[in-house]
Amino acid sequence: MSTASSTVLEPAWFTRPTCVVAADLVGKVLCRKLTDSDGSEKVLRMRISETEAYIGLEDPACHSHAGTRTERTEIMYAQGGVFYVYLTYGIHYLLNMITAVAESPESVLIRAGFLTEDSDRLIDEQYQSADKQLTHPKQFAGPGKLTKRLQIDRDLYGKSIEPTSDVWIEDDGCAPPISLRPRIGIDYAGDAKDWLLRYVWTDHPSLSKK
DNA sequence: CCGAGGATTGACT
DNA sequence: GTCAATCCTCGGG
């Protein structure tokens with residue numbers, strides 16, 4: 001159990017400007033309710049160390065740039081406070097949170113995090129035995145590795161960011177130092193590849209790249 | 001209908 | 001440094 005008092009962030013928290021939400025999410029706790037092998041429900045808690053902002057119509061790197069509106073991106077046009085999950089490279093699910101107001105198709109990508117000390121140990125050990133490739137079982141430096149650990153997939157698409165969705169965010173007052181970096185993996189986006197829209201916990205070991 | 005490519009990762013030269 | 005894996009999405013014909 002956590003010693004510091006925590007509050008659950010409400011969906012309305014995510015309706016604020018995207019860059020503010022992206023910065024504020026660093027240090028927050030991403031919570032995932034899972035069913036353990038014995039049938040009991042457990043909660044994994046992963047503290048977020050890195051995020052990226054995708055700022056909508058005028059952002060060439062954003063799926064909704066220039067008002068692109070498809071079946072996949074439809075959820076981006078919803079009011080902030082819901083999840084956007086999609087499959088990339090046919091392999092990895094990426095976890096995003098929709099931000100800002102309705103019809104402003106912006107989101108925050110969760111890129112990295114690390115398990116907190118009160119995360120359930122049974123699930124942790126279960127996962128380690130199932131995936132021996134993992135060298136740092138508590139650090140998840142990359143958006144695909146993070147979703148794999150938390151067992152997040154398309155089922156979460158469009159769900160509200162709150163405990164009834166089995167994925168939610170808690171704030172326990174942690175406010176780490178934050179640095180800005182260019183976003184990763186968007187070389188196709190022209191000048192936007194240099195925009196400082198990646199928010200990292202300064203010098204934290206769990207970051208996805210340097 | 002079909003082809004191209006991806007908000008990645010891990011393995012390998 | 002290079003490259004394959006793997007499949008859904010998207011745009012073009």
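Just so we're on the same page: letters track the sequence lines, and every chain starts at 1.
The neighbour count for A:E74 CD, taken as heavy atoms of other residues, nucleotides or ligands under 6.0 Å away, is above 12.
Close to C:dT9, at under 4.0 Å from its OP1 or OP2, lies a side-chain N or O of A:R154. Regarding contacts with the backbone of C:dC10, a side-chain N or O of A:T70 is found under 4.0 angstrom from either OP1 or OP2. Not one side-chain nitrogen or oxygen of A:R72 sits closer than 4.0 Å to the OP1 or OP2 atom of C:dC8.
Candidate nucleotides B:dT9, B:dA7, C:dC8 were compared by shortest atom distance to the side chain of A:L87, and C:dC8 ranks first. For A:I91, the side-chain atoms get nearest to C:dA5 when compared with the rest of C:dA5, B:dA7, B:dT9. Relative to the side chain of A:T73, the nucleotides C:dC10, B:dG6, B:dA7 differ in distance, and C:dC10 lies closest. Taking every side-chain heavy atom of A:T68 into account, C:dG11 is the closest of C:dG11, C:dC10, B:dA7. For A:Y89, taking side-chain heavy atoms from C-beta onward, the closest of the listed nucleotides C:dG11, B:dG6, B:dT9 is B:dG6. Checking B:dG6, B:dT8, C:dG11 against every side-chain atom of A:Y188, the shortest atom distance belongs to B:dG6.
Within the shown strands, C:dG11 is the pairing partner of B:dC2 under the Watson-Crick or G-U definition, both distances less than 3.5 Å. Both distances falling under 3.5 Å, in either a Watson-Crick or a G-U wobble arrangement, occur for no nucleotide opposite B:dA7.
Between the OH atom of A:Y86 and the C1' atom of C:dC10 there is a distance of 14 Å, rounded to whole Å. In this structure, A:L207 places its CG atom 17 Å from C1' of B:dT8, rounding to the nearest Å. With rounding to whole Å, A:K145 atom NZ is found 20 Å from C:dA5 atom P. When rounded to the nearest whole Å, the span between CD1 of A:I98 and C1' of B:dA7 equals 13 Å. Atom-to-atom, CD of A:E50 to C1' of B:dT8 comes out at 13 Å; the value is rounded to the nearest Å. Distance CG (A:D187) to C1' (C:dT2): 15 Å, rounded to an integer number of Å. For the pair A:K148 NZ and C:dA5 C1', the computed distance is 13 Å after rounding to whole Å. Spacing between atom CZ of A:F140 and atom P of B:dG10 amounts to 11 Å, rounded to whole angstrom units.
A:H63 and A:Y86 have perpendicular rings, their planes meeting at more than 60° on a 0 to 90° scale where under 30° would count as parallel.
A salt bridge does not link A:R181 to A:D194: none of the charged side-chain nitrogens sits closer than 4.0 Å to a carboxylate oxygen. In summary, A:K193 and A:D187 do not engage in a salt bridge, as defined by a charged side-chain N under 4.0 Å from a carboxylate O.
The aromatic ring of A:Y54 sits over the base of B:dA7, with ring centres less than 5.5 Å apart and planes inclined by under 30°.
A:L109 comes within contact range of at least one nucleobase, with a heavy-atom separation under 4.0 Å. Looking at heavy-atom distances under 4.0 Å, A:R111 makes contact with sugar-phosphate atoms alone, never a base. A:S107 comes within 4.0 angstrom of a base, heavy atoms only.
Remark: of the listed residues A:V43, A:T147, A:I152, A:L156, A:I152 is the sole one forming a side-chain contact (heavy atoms from CB on, under 4.5 Å) with A:R32.
Spacing of C1' atoms, C:dG1 relative to B:dA7, comes out at 23 Å, to the nearest Å.
Not less than 6.0 angstrom separates the ring centroid of A:Y54 from the ring centroid of A:H65.
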